[in-house]
Amino acid sequence: MQTLEHLREFGVSGFLVVALLAGLSVVAMCGVLSVLVVVKKLGFVGQGVSHSAFGGVGLAALLAAVGVLPDWPLAQLVVVVLFCVAAALGMAAVSDKRTVPVDTAIGMFLVGSMALGAVLTQVAQGVAAERGRAGVVQSWEAILFGSILTANWEDVIVGWIVCVAVLVTAWIIRRPLLFWAFDEDSASAFGVRGRAMKTVLMILLALAIVVAMRLAGVVLATALLVLPGAAALKLSDRFWPVTILSVLMGVAGLVLGLVASFELSWQPGPCVVLAMTLLFAASVGWSKLRSVASVAGASAAST
Amino acid sequence: MAEAAVEFKGVSYRYPGAAGLALDNVSLRVEIGERLGVLGPNGGGKSTLLKLMLGLLEPSSGTVRVGGRSPREARAAGVIGYVAQRADAELGMPLSVRDVVTLGSAWRVPAWRGVPTEIRARVDRMLGLTGADAFADKPIGKLSGGQLQRAMIARALAADAKVLALDEPTVGIDASGQQMFADLLARVHAELGVTIMVVSHDLRAVVAGSDRVACLARRLHSHTSPQGITPQILAELFSHDVAGLGGVLAGMHVHAHAPSDCCEHEHAKSAGDAPSTVKLSVSGRSKDARAQGGPDANS
């Protein structure tokens, strides 16, 4: 296997370990959030938030061009995260109104942010060239279509800090969050602060999505929030087993995807997503087999 | 005068941007331990009344008090056990009936503490009282309409609610399920003595197990015992022009068949006024009747 041979070479194994560590931080938090995303039908929110990153990248470029933002990749990432969080909260706030359905609100923010990003990047390039700072406007492809194989230790550290923050927050509010996620109206009537739950969930999703984008790219980031949970829900109907299975699905998809990427020399992001899609298909198959077996068992017992 | 469980005093409410009032000068007092049915057509202000009681809306004029407190304070303190319509919940959530019932009170427990044994004991007691103990470990998404309703009532009671407020409780439940529902409310009332409010467009749901019935179509039309409801009250209530459509009813038809000697147009003030031979049939479909529950399989 090429993967095993590569691992023996120190240089290759080094960046594979970095890629794996960065990837694990992403699939751990996405795996946990994925269950809520699937049950609450928030997959399109993921698409909206990830595409909002275009606007954030444009804003970061402009801030860098005028000299407000330091010339660090991390500073750019912070601006993108803040922009995505603001977009997520904007979607939640606008869709609260009876006149704007939630998918319309997401669609508006999605296209609006992309258009804003394109315009701001163009303006930033002009401003930077005028001021002789052309180098500070960084390639937005690095953030929007980032590859896990180019991940460095800084990405690993950022990934795990965000992962731990997301998981600890989710653990602290797990009971009111679950109550609200199951039954929003009743939870509010019982005293749960529904708007706060929605806001926190949106922030957690935005954080996870921006970090996930570095693994799989903007177009595929949603997959990491949808596929592990959808697969796990086919295998169990208990909360903690589903959550653990969802994380395990993410980890398995990551490892299989990276190995496939090495073996076949395909891009790692799409490989990870395809591996997760296959795991989902296998889960559906397993669930169908199990229901057929239980029906057969029941009819055998009754005869 | 003793404190009421719930009290509306001259309450009116107008939704932002709406031309007319959703509720018009409603005064209603629900005594502690009373069982009140609120009957009215779709669009008649029943849901608005509940939202005002829960503090999710503020009245345009008048006051609402729940157990002597403002609705917001009462909600924060968990005084009201709200049982919503079935279709409102995410039934794909991987939670058991026991999980859902426990969350109703355990959400207040700090994250770093386990669920206290007194909450677990109360959950067990309420699961038993509502008959939900038989399916307590089933996934919440695999219940019949009647079973889910019992689980939701158990959740409200386990949260130690003083007022049980049920919104359209018989939507998606067949006739035998409705009888079991009435028996369940009677059992809960006898055992715990909680105040119960049943809000519905369905006459049978409201009448079964209520001490009094408030007839609401934007205004409070009458306030009587279940036996005091006459065909005239129903005809007036359900033909009320709630949608501003010249009396066209939104999915609600009332047929009142009464002997000729009881057709005077008057509101019954007491149970003694009720004609015993009146036959009523009310048919209608809630605008929110999305859930289609089967018969209660566990009966």
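Contact annotation for Lys40(A): both backbone and side-chain heavy atoms come within less than 4.5 Å of a heavy atom of chain B. Within the 4.5 angstrom heavy-atom criterion, only side-chain atoms of Arg174(A), from C-beta onward, approach chain B. Both the backbone and the side chain of Ala181(A) come within contact range of chain B, each with at least one heavy atom under 4.5 Å from a heavy atom of that chain. Neither the backbone nor the side chain of Ala74(B) has a heavy atom closer than 4.5 Å to any heavy atom of chain A. Leu233(A) touches chain B through its side chain: at least one heavy atom from C-beta onward sits under 4.5 Å away, while N, CA, C and O do not. Residue contact with chain B, scored on non-hydrogen atoms closer than 4.5 Å, involves the side chain of Val35(A) exclusively. Residue contact with chain A, scored on non-hydrogen atoms closer than 4.5 Å, is absent for Leu50(B). Residue contact with chain A, scored on non-hydrogen atoms closer than 4.5 Å, involves the side chain of Met152(B) exclusively. Contacts of Leu177(A) with chain B are absent, with no heavy-atom separation under 4.5 Å from either backbone or side chain.
Once rounded to the nearest 0.5 Å, the distance linking CZ of Phe190(A) with CD1 of Ile80(B) reads 10.5 Å. For the atom pair Asp99(B) CG and Arg238(A) CZ, the distance stands at 7.0 Å (nearest 0.5 Å). The line from CZ of Phe182(A) to CE of Met93(B) is 7.5 Å long, rounded to the nearest 0.5 Å. Taken to the nearest 0.5 Å, the CG atom of Leu54(B) stands 10.0 Å off from the CG atom of Asp185(A).
At a threshold of 4.5 Å between non-hydrogen side-chain atoms, the residues Lys142(B) and Asp237(A) count as touching. Contact of the Glu90(B) side chain with the Glu184(A) side chain is not registered, since no non-hydrogen atoms from C-beta on lie closer than 4.5 Å.
Ranked by non-hydrogen atom pairs under 4.5 Å with chain B, the options Val38(A), Val192(A), Leu36(A), Ile172(A) are led by Val192(A).
Counted within 6.0 Å of CH2 on Trp286(A), heavy atoms from surrounding residues, nucleotides or ligands total 12 or fewer; the atom is thus considered open. The environment of Arg193(A) atom CZ is sparse: at most 12 non-hydrogen atoms of other residues, nucleotides or ligands sit within 6.0 angstrom.
The minimum heavy-atom distance between Arg155(B) and Asp183(A), with the atom names listed, is NH2-OD2, 2.9 Å.
Chain A is approached within less than 4.5 Å, heavy atom to heavy atom, by Leu103(B), Gly104(B), Ala106(B), Trp107(B), Arg108(B), Val109(B), Pro110(B), Ala111(B) from residues 101-111 of chain B, ordered by number. Within residues 112-123 of chain B, the residues having any heavy atom less than 4.5 Å from a heavy atom of chain A are, in residue-number order, Trp112(B), Arg113(B), Gly114(B), Val115(B).
For the side chain to side chain contact (heavy atoms under 4.5 Å, CB included) with Pro94(B), the lone residue among Val242(A), Leu245(A), Thr243(A) that qualifies is Val242(A).
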